[in-house]
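Hydrogens, waters and symmetry mates are skipped; everything else that's a heavy atom, side chains included, is used. Below, chains carry the letters A, B, ... as their sequence lines are ordered, and counting in each starts from 1.
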Number of protein chains: 2
Amino acid sequence: MSKHKRAGVRQVASLAGVSVATVSRVLNTPDKVSPETAEKVRLAAEQLNFIPNSSARALSTSHTRAIGIVVPTLENLIYAKFIDALESSLAERNYNLVVSTTRKGTIPESLKVRELANIGVEALILPGLSHDAEILDYLRRSEIPYVFSSVYDEAVEHPTIGYDNYLLGRKVARYLISHGHRNILLLSGSLEDNDRTMLRFKGVTDELKQHFGPGYQLPSQILGLNTRSAYEYVCESLGGKAGKAFFGATALLCLSDVLAIGVLLAMEKKGVVVPRDMSVVGFDNLEISEYTNPSLTTVDLPVTEMGRKIAESVVSHLEHGTPMTSFLLDAELVIRDSVADVRYGCAGSS
Amino acid sequence: MSKHKRAGVRQVASLAGVSVATVSRVLNTPDKVSPETAEKVRLAAEQLNFIPNSSARALSTSHTRAIGIVVPTLENLIYAKFIDALESSLAERNYNLVVSTTRKGTIPESLKVRELANIGVEALILPGLSHDAEILDYLRRSEIPYVFSSVYDEAVEHPTIGYDNYLLGRKVARYLISHGHRNILLLSGSLEDNDRTMLRFKGVTDELKQHFGPGYQLPSQILGLNTRSAYEYVCESLGGKAGKAFFGATALLCLSDVLAIGVLLAMEKKGVVVPRDMSVVGFDNLEISEYTNPSLTTVDLPVTEMGRKIAESVVSHLEHGTPMTSFLLDAELVIRDSVADVRYGCAGSS
DNA sequence: ATGAAAGCGCTAACAA
DNA sequence: TTGTTAGCGCTTTCAT
């Protein structure tokens, strides 16, 4: 019964009593068709439930209007927000976003890049600076335009659109230093974010070293945490006395807000008063970070603007040949209530 | 310089000294080609950076291997988790997911559906039960397979794969009733989720009515909240005395966890002790809901399983003609620490 | 303003 | 096992 083939330009043309070329024109360049003819065609199309075959169009125009992105996961709100913004901006320009995940890094990014290339994406967006040599090589050879997101580095030979993680690390460290902090413990997220995490970490340590001189003992860092493990880590560390836990640190610098929030909740549960007993800073500025107790001082990553900017840049390159270039986005430290001055003689460097 | 055309089967064929058909075979049915020939072809392909043109393939096979989904936004973690799982499951089956958002409902869903149809998705996933008649009509006429997610309703003539929101409403109400609650205030999220919200609401009220009889005064409901406004609402309501706020309710039933968490944080800030002074329940079971103070009693929505199940169902239909059917997923109430027995004579129905 | 016809790059009969 | 060839459904010159 229903195995009749779908209507194509041909059927529409014959029903409308015109040629296929005319049908194509009312689809793509309506102003080159007389209004009456156009109307006839539209009616016929409507009547036949005509949906132009996009593969045929793409084949003919060599334009798929698909952009690909590979992220570790969408379960991290910061990626979700970014992709949301990216999709919106691309949609405005009539491009579609094909999302691919590495399942939190368990599937090789190179595989996902190849798959996206194979389905014909016209450009590729990859978060972060460090990617397999294989990927870099593949991108170069396949000549698919691409941009690295969430990072900015003008020194690198790839287009990067994002924020300067290293400088943000310095900025946060400077802020902490200005409040008298010297011994800072870094809590860092999953290893997928490694390069951005590392850059932030380096920024923090460089700033501390510069400020306190070469004798300064570098801060400790705990890696690979998620909300759960951050929460549990804090709870366990607080088994003894608050002051001596955390390697004697007076501030916890969390490289993502979900970590910071886990930390805040654990502190509260354990009766540690933030920021009196311990200062906490985050990265991301999630919506909820404004409402924690205390509200979280954090770095506002401009992911929405980043999505917009990348869409702009990629589309402009695709359509007008504008070269892909790097672009730096500002990221602000949002000062709220989770950081206070160090109270000397209570906690602090042992 | 670099404006040389990309290599196609033809170039690969001639470089490998075979016919285009053979090249196509090593791509699609390698076992029908002698190993040596295959190797030759692969080498040639590699050398020419050959990426098969997916539009041409799709045109020839009439198979785009693209599945579309329209959601209001990705900024809601519950959608992000769902899409993450869906993408993973589809990728395992070699399908790609094209994500489209209505920008929180500001763009008509029908438009997005049309766009996805126009780019040739082979199936469509739409969260929720209620969609414009226009969409329903379009889906029927265009014969694109589809499934409604996040809902289950065997009575409806569309395939639905999800949980039974009405029953979940009843389940939660029953739980609250079993703890002595009678006056319950509903806090409900943005209007995009309307149909699921409504069903839950109806489930709750039906259960209450059934339990307390016809004289029972239906619970109040506050609609259109997000984390911010939920937080602010609670803060304002608590301007006076805790007991008399919230229309005298003893329990706050939040139709999403982000709301519940906002509520919890606001309560805490205002010194209201949950669950002693007020019970709170949520919907979603976000990761963080386990770590709030107190931990949140909430309904665990099986979005990951839902993604998997939908991928299975859609692909099976596409590849083996299995009819699209509805499927009910279990959703559990996760009992934690945010609900307690009502203390009569303190708060409660005036 | 409209039509005829040549592809776009691949797949899949069919033939050998 | 391999090659020849005819489309897939659209766009786009080039005529008219």
Side-chain angles (χ1 to χ4, degrees), chain A residues 3-42 44-45 48-66 94 117-122 142-143, chain B residues 3-42 44-45 48-66 94 117-122 142-143:
Chain A
K3 270 305 108 203
H4 59 115
K5 249 178 24 186
R6 251 189 221 173
V9 270
R10 231 170 338 244
Q11 286 79 308
V12 175
S14 82
L15 178 57
V18 297
S19 73
V20 293
T22 298
V23 175
S24 178
R25 281 189 201 101
V26 344
L27 256 36
N28 303 299
T29 50
D31 27 291
K32 291 191 173 175
V33 172
S34 83
E36 309 81 52
T37 315
E39 200 43 36
K40 268 195 307 187
V41 170
R42 264 188 273 270
L48 295 170
N49 299 320
F50 170 62
I51 298 178
N53 180 314
S54 70
S55 308
R57 165 178 291 163
L59 177 56
S60 192
T61 60
S62 43
H63 228 50
T64 63
R65 306 198 77 82
N94 273 298
N118 277 319
I119 68 162
V121 295
E122 297 190 49
S142 65
E143 296 176 12
Chain B
K3 270 306 106 209
H4 59 114
K5 250 176 25 185
R6 252 190 217 172
V9 272
R10 237 175 330 249
Q11 286 79 309
V12 174
S14 83
L15 178 56
V18 298
S19 74
V20 292
T22 300
V23 174
S24 178
R25 282 189 200 102
V26 345
L27 255 37
N28 303 300
T29 50
D31 27 291
K32 291 189 173 175
V33 172
S34 83
E36 308 82 52
T37 315
E39 200 44 35
K40 268 195 307 187
V41 170
R42 263 188 273 270
L48 293 171
N49 299 318
F50 170 62
I51 298 176
N53 181 312
S54 70
S55 307
R57 165 179 291 162
L59 177 56
S60 191
T61 61
S62 44
H63 227 51
T64 62
R65 306 198 76 81
N94 273 300
N118 277 319
I119 68 163
V121 295
E122 298 189 48
S142 65
E143 297 178 9

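- Picking from C:dC10, C:dT11, C:dA1 the nucleotide with the shortest atom distance to the side chain of B:V20 gives C:dT11.
- Nucleotide D:dT2 holds its P atom 12 Å from the CG atom of B:D31, rounded to whole Å.
- Set against C:dC10, C:dG9, C:dA1, the side chain of A:L59 has C:dG9 as its closest nucleotide.
- Distance A:L48 CG to D:dC10 P: 12 Å, rounded to the nearest Å.
- Comparing A:N28 and B:K32 by the nucleotide of DNA chain D whose heavy atom lies nearest to each, the residue mapping closer to the 5' end is B:K32.
- If you check every strand for non-hydrogen atoms under 4.0 Å, A:S55 touches nothing.
- Summarising the geometry, atom CZ belonging to B:F50 is positioned 5.0 Å from atom CG belonging to B:L27; distances are rounded to the nearest 0.5 Å.
- Closest approach to the B:T22 side chain among D:dC8, C:dT11, D:dT2 is made by D:dT2 (side chain taken as heavy atoms from C-beta onward).
- For A:S34, taking side-chain heavy atoms from C-beta onward, the closest of the listed nucleotides D:dT2, C:dG3, C:dT2 is C:dT2.
- Panel note: side chain A:S55, backbone B:A58; no donor-acceptor pair is recorded below 3.5 Å.
- Nearest-nucleotide mapping onto DNA chain C: of B:I51 and B:R25, the residue sitting toward the 5' end is B:I51.
- Nearest nucleotide to the side chain of A:S60, out of C:dA13, C:dC10, D:dC10: D:dC10.
- Among the nucleotides D:dT12, D:dT2, C:dA1, the one closest to any side-chain atom of A:T37 is C:dA1.
- One atom, CG of A:L27, and another, P of D:dT12, lie 11 Å apart when rounded to the nearest Å.
- The residue A:V23 sits apart from the nucleic acid: no heavy atom pair falls under 4.0 Å.
- Closest contact between the side chain of B:V9 and the listed nucleotides C:dG9, D:dC14, D:dG3 involves C:dG9.
- Judged by atom type and distance alone, A:R6 does not reach the base of D:dG9 through any side-chain donor-acceptor pair under 3.5 Å.
- Between the CD1 atom of B:I119 and the C1' atom of D:dG9 there is a distance of 17 Å, given to the nearest Å.
- Look at CZ on A:R10: it is 13 Å from P on C:dA4, rounded to the nearest Å.
- Closest approach to the A:S19 side chain among D:dG3, C:dG3, C:dC10 is made by C:dG3 (side chain taken as heavy atoms from C-beta onward).
- Residue contacts shown for B:S54 are absent, as no nucleic acid heavy atom lies under 4.0 Å away.
- In terms of phosphate contacts, B:T61 brings no side-chain nitrogen or oxygen within less than 4.0 Å of OP1 or OP2 of D:dC8.
- Distance B:E36 CD to D:dT2 C1': 13 Å, rounded to the nearest Å.
- Taking the side chain of B:N53 as heavy atoms from C-beta on, and the options C:dG9, D:dC10, D:dG3, the nearest nucleotide is C:dG9.
- For A:P52, whose side chain is taken as the heavy atoms from C-beta onward, the closest listed nucleotide among D:dC10, C:dG9, C:dT11 is D:dC10.
- Without hydrogens or angle criteria, A:S62 side chain to A:L59 main chain gives no donor-acceptor distance under 3.5 Å.
- Taking atom CG of residue B:N118 and atom P of nucleotide D:dG9, one finds them 16 Å apart after rounding to whole Å.
- At a threshold of 4.0 angstrom between heavy atoms, the contacts of B:S62 with the nucleic acid are absent.
- Closest of all the heavy-atom pairs between A:I51 and B:S142 is CD1-CB, 3.6 Å.
- Shown here is A:R6, whose CZ atom has more than 12 heavy atoms of other residues, nucleotides or ligands within 6.0 Å.
- Summarising the geometry of A:V41 relative to A:A16, their closest heavy-atom pair is CA-CB, 4.0 Å, with the distance given to 0.1 Å.
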